[in-house]
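This is a predicted model, so every value here is computed, not measured. Throughout, numbering of the chain's residues begins at 1 and tracks the sequence.
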Amino acid sequence: MTVCEPLRGLIPNSTVRPASLDDVPAITALMQQVAIDMIGEPDATPSEVRDDLIMPRFEMSTDTALVIADEKAVVYAQAHDEHDERAFVDVFIDPTLDDELFAKVADGAVAGALARVREAMTIRGGKNSMVGTGLYQGERRMVAAYQRAGLMRSHVYWRMSKALSTDVEIDVCMPVGVTIRSVDPDDQEVMIAALSLENETFREHHGHVDKNITDFADSWRNTSRYDRGAWWFAYLDGELVGLCLGDEGKVEKNAGYVCTLGVVKKARGRGVAKALLLTSFSEYQRRGRSAVELGVDSANETGATRLYESVGMSTKIVIDSMEMPISV
């Protein structure tokens, strides 16, 4: 079973096949078309699309479907049995399709992606999982398709951004007892420590699943977004208590991206996260980036949204998360 099967024949004069790395420009163009229709500007970058296609536990030949019509991508769908406890599906459809055809294509793409998730779970011997997706707020036609398949809205995420200027120096004020150090993720001990910190600091967050060191390291080192110069550890009175991991996923937009920011519970409220965040701002400013972005659960219980607003970040994009339990 592949994601492709339910899509065959739905769009006249089209071809349906799995995606490959050669399709990154076409997939990016389709994703940007969807973004422009919904939020008024492009969003996805080629680096992000490429990295999605080489994720651990992801096989392009079975986990993707690309529909080409009139020499352009009009549908892209993927299914990712990401972890033993969670899977992810994603569908992008040319927004110019009329409502009737859009609904047929959306239903076929979602059905194919969910069927592939179930097949992947069966192969690895899994019984139950949670499958989720994310959409720009306002994608009513895709929301309806996911609802018909059984997914329901669960969380709201914010993509936050801050403009950077070389005219204003960023003051990284270190709280008493706090030290920030740049670390090299090529060092395996650093990678192991980062995984341990991420698992500890994000365990209470929606959708988190503890990773193993192989998948964690591969999800960084084998990607084009990997940035050895944007990893920092925070120490409080000499003890490792926090991390900030940046990446190059938004470099084509001349923006920096904070992928991970976490502080252990006992060190929260001491200014550690703010010092880490401002350190990343300073580095991206030094590089000449025009902005820095990050994503956050709007209902984050650690106070992260308040922190981001306090340093001048504002919500740029709203993402609705939908999910449902799935079993085989």
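E41 places none of its side-chain heavy atoms less than 4.5 Å from the side chain of Q32. You'll find the side chain of T64 stays beyond 4.5 Å of the side chain of V3, heavy atoms only.
The neighbour count for K253 NZ, taken as heavy atoms of other residues, nucleotides or ligands under 6.0 Å away, is above 12.
Counted by atom type alone, E248 and S47 present zero donor-acceptor pairs between their side chains at under 3.5 Å. A donor-acceptor contact closer than 3.5 angstrom is absent between the side chains of T315 and R159. Side-chain contact of D107 with Y146: a donor-acceptor pair under 3.5 Å is absent, judged by distance alone. For D320 and Q137, the side-chain atoms include at least one donor-acceptor pair closer than 3.5 Å. E119 and T122 are not linked by any side-chain donor-acceptor pair at a separation below 3.5 angstrom, with hydrogens and angles left out of the test. Of the N and O atoms on the side chains of D94 and Q33, at least one donor lies less than 3.5 Å from an acceptor on the other residue.
Under the 30°/60° scheme for interplanar angles, the aromatic rings of Y157 and H155 are found to be tilted.
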Taking distance alone, no hydrogens or angles, what donor-acceptor pairs closer than 3.5 Å link side-chain atoms of residues 167-183 to residues at least two apart or in another chain?
none

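Side-chain atoms of N212 come within 3.5 Å of backbone atoms of D215 as a donor-acceptor pair (strictly under, hydrogens ignored).
Salt bridge absent: D218 and K211 never bring a charged side-chain N and a carboxylate O closer than 4.0 Å.
Here ring pair (Phe, Tyr, Trp, His ring centres under 6.0 Å) pairs that include residues 31-81, with residues two or more places apart or in two chains, are F58-H80.
Put simply, CG on N199 and CG on L197 are 9.5 Å apart, with the number rounded to the nearest 0.5 Å. The distance from atom CZ of R225 to atom CG of D51, rounded to the nearest 0.5 Å, is 6.0 Å. To the nearest 0.5 Å, atoms OH (Y226) and CZ (R228) are separated by 6.5 Å.
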